[in-house]
Structures are given as structure tokens and as C-alpha cells.
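Written out below as C-alpha cells is the structure these notes cover.
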Amino acid sequence: MKYGFAKRVRHMQSSAVRDILKVVNKGDVISFAGGLPDEKLFPVEAVRQAFDEALSSSNKVLQYGETEGVPALKEKLAERMRQKQILREPEHILVTSGSQQAIDLFARIMFDPRDIVLTENPTYLAALQVFQSYEVNIVPVESDDDGMLEEDLKKKSSG
């Protein structure tokens with residue numbers, strides 16, 4: 001049986017992040033590529049207390065929430081942003097489940113196939129995977145501690 005997959009899946013490859021995590025999770029490798037913090041640094045007791053506090057009020061905290069984010073959290077974020085002179089109402093805030101979801105949503109609404117996307121070199125591996133899935137042309141721009149090198153950026157953005 002033939003399936004009518006989208007054309008873009010012809011170019012999909014195994015996730016490099018997934019491949020890195022398979023190796024790292026064997027336990028005998030320390031990798032800085034996967035973005036994995038040292039487990040000894042996890043605030044386990046603070047997380048346990050937060051879960052206990054949340055569960056003591058209601059089991060509802062285990063239920064699915066609004067896709068844009070929990071309203072009370074969005075209100076707190078808006079309040080914190082106001083303290084930094086960033087004026088946004090809670091209804092204009094979208095809470096994501098991590099950086100990769102935010103990058104995917106951004107790429108989905110901003111990129112068309114064959115668009116040119118300039119990235120720092122090196123850049124976030126998971127972002128590259130998202131960009132590739134939207135069939136863009138990724139152009140790495142050399143960078144240093146301060147960001148993209150202006151000379152290389154000019155060269156690559158004009159040609």
C-alpha cells in the first residue's frame with residue numbers, strides 16, 4: 001500500500017538530538033552536545049515541594065490546560081514583563097513547552113520552502129532540524145562570542 005506522505009518527508013533524516021541522547025543515556029558518555037545539565041544540579045526537593053503544593057489543592061493540575069498557557073501563569077508573566085517596561089497583556093502571551101516548540105511555531109508561520117535562513121555557526125542543533133523540516137535553505141554565518149561576524153553576514157546576505 002502506498003501512503004500519500006508530504007513531499008518533505010523524503011528529505012527527513014533521523015533526529016541528531018535523538019541519536020545523541022541514545023548514546024548519552026547509556027551512562028558512560030558525557031556530552032555537551034545534547035544540552036543535558038548535570039543531574040546533580042536538579043532542584044529535586046524544590047520540585048517535590050512544588051508538586052506537593054500543587055496536588056494538595058486539586059487533582060485538576062494534572063488535567064490538560066489551555067493550549068496558550070495557564071491564565072494565571074500568563075498574568076504573572078505579564079506582570080513581570082511590566083516591571084521590565086515591556087507592556088503586554090496576558091492574552092498576547094503564548095506559553096510553550098520548551099524552546100523547540102517555540103522555534104517550530106515560529107518557523108511554521110514565518111518560513112516558506114526555499115526561504116533563506118541565516119544562522120550563527122555553530123547554532124542550536126534542534127533549531128536546524130526544525131528549519132530543515134520546513135524546507136528552507138540554511139546559510140551558516142561565522143560567529144564569535146558577540147554573535148555573527150558582520151563581514152561574513154554581509155557576504156552571505158547579499159549573495
Side-chain angles (χ1 to χ4, degrees), residues 3 5-27 29-141 143 147-148:
Y3 296 98
F5 294 121
K7 290 177 186 174
R8 79 177 74 82
V9 300
R10 288 187 221 143
H11 307 290
M12 288 184 144
Q13 300 171 1
S14 176
S15 165
V17 173
R18 184 182 318 121
D19 295 341
I20 290 168
L21 293 177
K22 280 182 186 176
V23 172
V24 170
N25 284 331
K26 290 181 181 176
V29 173
I30 298 173
S31 170
F32 298 105
L36 301 172
D38 184 340
E39 293 174 17
K40 291 178 234 148
L41 300 175
F42 292 153
V44 175
E45 195 52 43
V47 171
R48 183 176 287 118
Q49 289 174 354
F51 270 105
D52 287 345
E53 186 178 323
L55 288 170
S56 69
S57 62
S58 167
N59 287 347
K60 186 176 181 172
V61 298
L62 298 175
Q63 193 53 269
Y64 286 112
E66 296 177 29
T67 58
E68 296 88 4
V70 176
L73 173 60
K74 290 169 53 169
E75 187 64 51
K76 287 283 189 191
L77 290 170
E79 181 181 312
R80 187 169 181 173
M81 290 169 67
R82 277 192 293 277
Q83 294 171 358
K84 297 180 180 211
Q85 312 306 313
I86 302 169
L87 306 178
R88 293 294 178 268
E89 295 303 317
E91 59 268 17
H92 295 131
I93 295 174
L94 174 66
V95 178
T96 64
S97 296
S99 64
Q100 191 146 1
Q101 182 189 20
I103 292 166
D104 181 78
L105 290 170
F106 177 83
R108 188 179 309 176
I109 64 171
M110 297 301 292
F111 301 151
D112 286 318
R114 295 179 301 287
D115 278 354
I116 296 171
V117 177
L118 301 172
T119 64
E120 285 186 350
N121 187 25
T123 197
Y124 182 42
L125 179 60
L128 293 175
Q129 291 180 268
V130 169
F131 298 160
Q132 288 168 340
S133 75
Y134 288 104
E135 304 175 77
V136 300
N137 296 320
I138 300 167
V139 177
V141 177
S143 61
M148 291 181 176

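What you see below is based on every heavy atom in this structure, not just the backbone, and it leaves out hydrogens, waters and symmetry mates.
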Quick one: CD on Glu68 to CD on Glu91, what's the gap to the nearest 0.5 Å?
->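 Going from the CD atom of Glu68 to the CD atom of Glu91 covers 11.0 Å.
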Roughly how far, to the nearest 0.5 Å, is the CG atom of Leu73 from the CZ atom of Arg80?
->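 If we round to the nearest 0.5 Å, Arg80:CZ and Leu73:CG are 11.0 Å apart.
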Would you check if the side chain of Glu53 reaches a backbone N or O of Gln49 as a donor-acceptor pair within less than 3.5 Å?
->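 Side chain of Glu53 to backbone of Gln49, a donor-acceptor pair under 3.5 Å: no, none is there.
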Can you check whether Gly69's main-chain N or O pairs, donor with acceptor, with Lys74's side chain at less than 3.5 Å?
->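 No; zero donor-acceptor contacts below 3.5 Å.
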Does a side-chain heavy-atom distance below 4.5 Å link [X] with [Y]?
{"X": "Glu120", "Y": "Val141", "result": "no"}
{"X": "Leu77", "Y": "Ile93", "result": "yes"}
{"X": "Met81", "Y": "Lys84", "result": "no"}
{"X": "Leu105", "Y": "Leu94", "result": "yes"}

Name all pairs fulfilling the ring-ring contact (aromatic ring centres under 6.0 Å, His included) condition that reach into residues 50-107, sequence neighbours left out, sorted by first residue then second.
->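 Non-adjacent pairs meeting ring-ring contact (aromatic ring centres under 6.0 Å, His included): Phe106-Phe111.
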Using the side-chain contact (heavy atoms from CB on, under 4.5 Å) rule, take Val117 and Val139 through it: C-alpha gap first, then chi angles, then the decisive distance, then the call.
-> CA-CA 6 Å; Val117 177; Val139 177; over 6 Å; no
Salt bridge (Lys or Arg N to Asp or Glu O under 4.0 Å) partners of Glu45, counting only residues at least two apart |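 In terms of salt bridge (Lys or Arg N to Asp or Glu O under 4.0 Å), with neighbours along the sequence ignored, Glu45 is linked to Arg48.
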Is Arg108 paired with Glu135 through a side-chain N to carboxylate O contact shorter than 4.0 Å?
->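 Between Arg108 and Glu135 there is no salt bridge, as every charged N stays at least 4.0 Å from the carboxylate O atoms.
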Between the side chains of Tyr134 and Asp112, is a donor N or O closer than 3.5 angstrom to an acceptor N or O?
->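 No - no donor-acceptor pair under 3.5 Å links their side chains.
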Return yes when atom CG of Leu55 has more than 12 non-hydrogen atoms of other residues, nucleotides or ligands closer than 6.0 Å, and no otherwise.
->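 Yes, enclosed.
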More than 12 heavy atoms from other groups under 6.0 Å of CD on Glu39 |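 No, CD of Glu39 has 12 or fewer neighbouring heavy atoms, counting only those of other groups under 6.0 Å.
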Partner set under side-chain contact (heavy atoms from CB on, under 4.5 Å) for Ile138, not counting sequence neighbours |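 Expected list: Thr119, Leu128, Phe131, Gln132, Val136.
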Non-hydrogen atoms of Ala107 and Val130 that approach each other most closely |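 Heavy atoms of Ala107 and Val130 come nearest at CB-CG1, 4.0 Å.
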For residues Ser57 and Ala54, report the shortest heavy-atom separation together with the two atoms involved.
->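 Result for this residue pair: OG-O, 2.8 Å.
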Worked check of salt bridge (Lys or Arg N to Asp or Glu O under 4.0 Å) between Arg88 and Glu75 = CA-CA 10 Å; Arg88 293 294 178 268; Glu75 187 64 51; over 6 Å; no
